[in-house]
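First up is the structure itself, then whatever we jot down about it.
Order of the sequence lines sets the chain letters (A, B, ...), proteins ahead of strands, with each chain counted from 1. All of these numbers come straight from a predicted model, not from anything done at the bench.
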Protein chains: 2
Amino acid sequence: MSEPSLLPPGTDPPDPRRLQAYFALSEATSLLNDQVEQHLRAEGNLSTVQFQILMRLASGDGHATMTDLADGLVHSRSGLTYQAGLLERRGLISRDRSPDDERATLVTIAEEGAELIRRILPGHIHVVRTLLLDLLTDQESDQLADIMTRVRDRIRAEPPRSARRRRGPKRHLPGATEPPAVL
Amino acid sequence: MSEPSLLPPGTDPPDPRRLQAYFALSEATSLLNDQVEQHLRAEGNLSTVQFQILMRLASGDGHATMTDLADGLVHSRSGLTYQAGLLERRGLISRDRSPDDERATLVTIAEEGAELIRRILPGHIHVVRTLLLDLLTDQESDQLADIMTRVRDRIRAEPPRSARRRRGPKRHLPGATEPPAVL
DNA sequence: TATTGTTATACTCTATAACTATA
DNA sequence: TATAGTTATAGAGTATAACAATA
């Protein structure tokens, strides 16, 4: 005999293969994020957000406004201020008023921050390689990138978290999906 | 001209297509988790962990020990106790000593908990469908499930978080990857 | 002795709203 | 008026270690 459905009558359950994809995705990414976080914390005493902030700075020209950073990283502005404060206290970044717009804060990566990234990035890549990248064929890499880009665009296409945000529309995929060309 | 590499000389950068897969995966799952969390909070005032606890109970016979629950859900035991406490205070689950093992706590889903799941599950599925499942072809579903199952097994195969755990080895994929057959 | 689970405690992170200053 | 950012504050969640009870 089979279990009774948890869904109300008339609700058609999702295709089992898709459901399996969803569950496997949830579990695998949760485990992967755990491993990555552990590594970043152990090697550089960095939270994932802090690492992302530094990476974004290190991958570009070393500067960004708080708004630039907040847009890509799903954060609230105050949360970003908090994390940036931690980075600044450690001397990994500096914050100054932007000359262009006196309201804006220009975040600049410090040499110590760049050094830290250079120190921990190889290990980070090793973790990701071992637990994910090495398990993919070339074809699968393309497929996965394809699928996830589609999902990202789909989610970013609607008013999701922006309803809560102060910033206006500008819902034109401001995220940094392309991997930095500096690896 | 191109940016200087962030990697030390001698370190071979990962294949760009794999890197792209990794970045897209990170961003897409982060956005997806955000949406799902927002829905669960808005509709049922549940955290993701609380939802997972209830789902695991509702998908089985309605009972589980704290250890059973802690094994699948990446949690520390104290964190699980905290979340279970919240659920119990709301009358969504009950906790009693196990008759088999007087040390163990038997967690049982309450009718209110089952009702809550029945109420919010359709919306949850709708979110996941809209933002993920509907974007996949049958073939892609299979591919994604295949890839992520491999990743999960790879990560669970080693001593990852268990080094921190109190529980002994038993590293035999205790996770609940199979989607509940009750949807 | 080892295992199950809880508690005490401290800490990290996040979000909301109020506030300042500039555009 | 709207935007950029900070701050104050409060709450949610997590982890560690110590603990009690049972195996």
Next item on the list: Kindly give the heavy-atom pair with the smallest separation between B:S94 and B:D96, and that separation in Å.
Entry: OG-OD2, 3.8 Å
Check: Which comes earlier along DNA chain C counting from the 5' end, the contact point of A:L46 or that of B:D101, where each point is its nearest nucleotide?
Finding: B:D101
Item checked: Whole angstrom value for the distance that separates C1' of D:dA15 from CZ of A:R41 -> 12 Å
Next item on the list: Please evaluate the base of D:dA15 for a donor-acceptor partner in the side chain of B:S78 within a cut-off of under 3.5 Å?
Entry: yes
Atom pairs and distances, side-chain donor-acceptor, residues 102-111 of chain B, under 3.5 Å, sequence neighbours left out:
| unit_1 | atom_1 | unit_2 | atom_2 | d |
| --- | --- | --- | --- | --- |
| B:R103 | NE | B:D101 | OD1 | 3.2 |
| B:R103 | NH2 | B:D101 | OD2 | 3.0 |
| B:T108 | OG1 | B:H63 | ND1 | 2.8 |
| B:E111 | OE2 | B:R118 | NH2 | 2.8 |

Item checked: Rounded interatomic separation in angstrom, taking CG from B:L86 and C1' from D:dA12 -> 9 Å
Check: In whole angstrom, what separates A:E102's CD from D:dG5's C1'?
Finding: 13 Å
Checklist line | Closest to side chain of A:R95, choosing from D:dG5, D:dT6, D:dG13 | finding: D:dT6
Item checked: Check: A:T105 side chain, D:dA4 base, donor-acceptor under 3.5 Å -> no
Margin query: If you only use heavy atoms from C-beta on, which nucleotide in C:dT6, D:dA4, D:dG13 is closest to the side chain of B:M66?
Written below: C:dT6
Margin query: Without decimals, in angstroms, what is the distance between A:R77 CZ and C:dA21 P?
Written below: 18 Å
Item checked: Minimum-distance nucleotide to A:T67 side chain [options: D:dA4, C:dT6, D:dA12] -> D:dA4
Next item on the list: Would you classify A:S98 as touching base, sugar-phosphate or nothing, given that sugar-phosphate means primed atoms plus P, OP1 and OP2, and contacts are heavy atoms under 4.0 Å?
Entry: nothing
Next item on the list: Classify the side-chain pair B:N33/B:S30 by whether it contains a donor and acceptor separated by less than 3.5 Å.
Entry: no
Item checked: Length of the line joining B:L87:CG and D:dG13:P, which is rounded to integer Å -> 10 Å
Next item on the list: Quick one: closest heavy-atom pair of B:L7 and B:P13, and the distance?
Entry: CD1-CA, 3.8 Å
Next item on the list: Using atom CD of A:E88 as one end and atom C1' of D:dT6 as the other, report the distance to the nearest whole Å.
Entry: 12 Å
Checklist line | Length of the CG-C1' vector between B:D34 and C:dC13, whole Å | finding: 14 Å
Notebook entry, point to check: Of A:R97 and A:G79, whose closest DNA chain C nucleotide lies nearer the 5' terminus?
Noted result: A:G79
Next item on the list: Taking only the side-chain heavy atoms of B:R103 (C-beta and beyond), determine which of C:dT6, C:dC13, D:dT22 contains the nearest atom.
Entry: D:dT22
Notebook entry, point to check: From A:I147 CD1 over to A:D142 CG, what is the distance, rounded to the nearest 0.5 angstrom?
Noted result: 11.0 Å
Check: Quick one: is A:Q83 getting a side-chain N or O under 4.0 Å of the C:dT14 phosphate, OP1 or OP2?
Finding: yes
Item checked: Nearest-Å distance for atom pair CG/P, residues B:D68 and C:dT3 -> 16 Å
